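Heads up: numbering here begins at 1 and tracks the sequence. Note that ligands are numbered from 1 as they come in the structure, with each ligand's atoms numbered from 1 the same way. These figures come from a predicted structure and were not determined experimentally.
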Amino acid sequence: MLHRLSKIGSREPGLPPGPPTLPLIGNLHQFETKHTYRKFTEWAKTYGDIYSIKMGSTTGIVISSPKLAREYIDLRGATTSDRPPVYTDELISGGLELPLSPYGPTWRSMRRAAHDMLSPKACLRHLPIQRAESAQLMFDLLESPQRFYTHTSRYSGSVITSVLYGIHSPVYENGLVEKFDKFTERLESALKPGNSPPVDMYPFMKYLPEILGPTPWKTRCKEVRKEQREIFFGLLDLVVERMEKNQRNGCFIESVLDRQEQYGLDRELIGYLGGSLLQAGNDTTAVFLQTLLVCIISHPAVQRRAQQEIDSVIGPDRLPEFSDFDNLPYLKAVINEVHRFRPIVPITIPHASTADERAGDYMIPKGSILFINAWGIYRHEDYYENPDTFDPDRFLKNPHGTKPGVDPTGCRGDYAFGAGRRICPGLHLANNSIALNAMNLLWAFDFTKAKDPVTGNLIDIDMNALKEESVLLVPKPFRCEIQPRSVEKAKMIRMQFAAAREIFENFEHHMSLKSGEVQ
Ligand code: HEM
């Protein structure tokens, strides 16, 4: 027994190398949960593209090159697509939230249904919603530019509530999107590793506190579970109610309810399927758009060049169309560079292995946690010239943005969306939103640093100021100036927004239903 205890935390023979460990805790003392991606990237410079860390008795394998991500995650999907157990999530959602659910039949049924809404072809059907919502985003920015933060959040949330539940969210404050954002903060706090004992690494701790006294972290999980179920199943009931009143609008949950036997999903799973897509898709696009703004305001020459390209292809007399994006190589390069420079989920969501695997001379044991270090991949000096510099041109010189002569195996622009069988299923929907809004916003507005009212000096944006509580890299709200580029463009935006009413009406039936607290 003592011998077994003394081995906890130490690196077993055959594992890839890694930082020195301490008994019982392994490497846990060496990284804070807040900026794990930075520590993981620093270690990759010392221990290589694949190394191991110990977290108690659990083994973590950190992968920090495109080649190895392809080899171990993409190509070995059959054994590297599980998720590590998260006890707090089990208490909250019983493992039914798609992004954290174990790799198995339930995950497969949910993922198959999600694909029917999120495949590239299905996403073309969602473009009218995205166009209308983007028209509202531009209108909102004309009316109250200083609230660009909540406007982008409303955009992102309203697209996903419209596509999933057929619910347009016309305002942020006191509406469904704000309610859900606030709930997400409570959920993230309940799931945050430091906010509960490390029960996943030391499972006996699950039972200890109950013997010793109150367990506020468990109480918090129960409260979050109750709130989550009220939201998820409240939204599901709203769709059912609307269908009973013959007020269908072709949303995703309607089609899942129509085909629930074919998908093998009961009411419980449909509730969690819709809810987890809402959870995963609600704020991610907004965070990307906020990050894009941070980057272009801090790099005015990049903004000017993207606007010049848009002006030469689209001109001042019409708004951009989705099809214009193919003719805007520099804007595409800017978007790729934002994903590379600041992947908003910097170590993606950890995968877990379900069988022993060999990695060259090393062993990856079954049950290891696999970290795809997207931040480290995109900061890899063998692959990228000056990786810490924001430079969209790298993607014009090479489709992967890499240095000349680099082996392109595994090089992709979308590690920000993860890898393998768990890769983000929302990436096509997100990419369409990003393309549309990047074109619209840069066609319509100039984004500049704010001026200090006293000194008149321009106020720099601190690119490293991030919201502490989120698991995503979310820029802290920052000050900036947003001006329409001409009076004529402002007029066109107002007309486009007025025309969008026709689309929105179809997604506002819920406002006449009795469960009308959803706004
Ligand atoms: C810029 C926007 C987005 C980014 C950067 C992003 C990023 C990610 C990442 C890194 C993962 C983990 C992948 C892995 O485990 O390898 C993920 C998973 C997921 N994302 Fe996204 N995402 C975005 C937008 C969306 C949207 C709009 C939706 C929904 C419509 C969505 C739904 C999901 C779901 C359901 C999963 C879990 C997949 C699974 O475990 O099988 N995401 N996303």
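- Other residues, nucleotides and ligands contribute more than 12 heavy atoms inside 6.0 Å of the NZ atom of Lys39.
- If you check which protein heavy atom lies closest to atom 30 (C) of ligand 1, you get Ile160 CD1, 3.3 Å.
- Ligand 1 has no N or O atom lying under 3.5 Å from any N or O atom of His339, backbone or side chain.
- Taking 4.0 Å as the cut-off between side-chain N and carboxylate O, Lys67 and Asp49 do not count as a salt-bridged pair.
- The proximity of Ala374 to ligand 1, defined as any non-hydrogen pair under 4.0 Å, does not occur for either the backbone or the side chain.
- Taking a cutoff of 4.0 Å between a charged side-chain nitrogen and a carboxylate oxygen, Glu227 and Lys179 do not qualify as a salt bridge.
- Taking every non-hydrogen atom of Arg111 and a distance limit under 4.0 Å, the qualifying atoms of ligand 1 come out as 38 (C), 39 (C), 41 (O).
- The pair Lys332-Asp326 meets the salt-bridge criterion, since a charged nitrogen lies less than 4.0 angstrom from a carboxylate oxygen.
- Shown here is Glu381, whose CD atom has no more than 12 heavy atoms of other residues, nucleotides or ligands within 6.0 Å.
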Go through the steps to decide whether Arg38 and Glu42 satisfy the test salt bridge (charged side-chain N to carboxylate O under 4.0 Å, His left out), and finish with yes or no.
CA-CA 6 Å; Arg38 289 193 188 271; Glu42 193 187 308; over 6 Å; no
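- Residue pairs satisfying the ring-ring contact (aromatic ring centres under 6.0 Å, His included) criterion with at least one member in residues 332-359, sequence neighbours excluded, are listed as follows: Phe288-His339, His339-Phe417, Phe341-Phe390.
- Annotation: atom 13 (C) of ligand 1 to nearest protein heavy atom, Arg422 O, 3.2 Å.
- Within the structure, ligand 1 has Arg83 among the residues with a heavy atom less than 4.0 angstrom away.
- Of all the heavy atoms of Val163, none lies under 4.0 Å from any atom of ligand 1, so neither backbone nor side chain is involved.
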Hey, can you pull the donor-acceptor pairs under 3.5 Å for the side chains in residues 97-105, sequence neighbours left out?
unit_1	atom_1	unit_2	atom_2	d
Glu97	OE2	Gln228	NE2	2.9
Ser101	OG	Leu98	O	3.2
Tyr103	OH	Arg421	NH1	2.6

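- Close approach of ligand 1 to Ile344 is summarised as follows: ligand atoms under 4.0 Å from at least one heavy atom of the residue are 5 (C).
- Taking only nitrogen or oxygen atoms, main chain and side chain alike, Trp107 reaches within less than 3.5 Å of ligand 1.
- A salt bridge links Asp237 with Arg267; the closest basic N to acidic carboxylate O contact falls under 4.0 Å.
- Taking atom 16 (O) of ligand 1 as the reference point, the nearest protein heavy-atom neighbour is His351 NE2, 2.8 Å.
- Note on Lys182 versus Glu178: salt bridge recorded, some NZ/NE/NH1/NH2 to OD/OE distance being below 4.0 Å.
- Below the 2.8 Å limit, atom 21 (Fe) of ligand 1 has as protein N, O or S neighbours Cys424 SG.
- A search for salt bridge (charged side-chain N to carboxylate O under 4.0 Å, His left out) contacts involving Asp356 returns nothing, not counting sequence neighbours.
- Looking at Ala416, Ser433, Ala419 and measuring to atom 10 (C) of ligand 1, the nearest heavy atom belongs to Ala416.
- Close approach of ligand 1 to Leu98 is summarised as follows: ligand atoms under 4.0 Å from at least one heavy atom of the residue are 35 (C), 40 (O).
- Between Arg340 and Glu337, at least one side-chain N (NZ, or NE/NH1/NH2) sits under 4.0 Å from a carboxylate O, which counts as a salt bridge.
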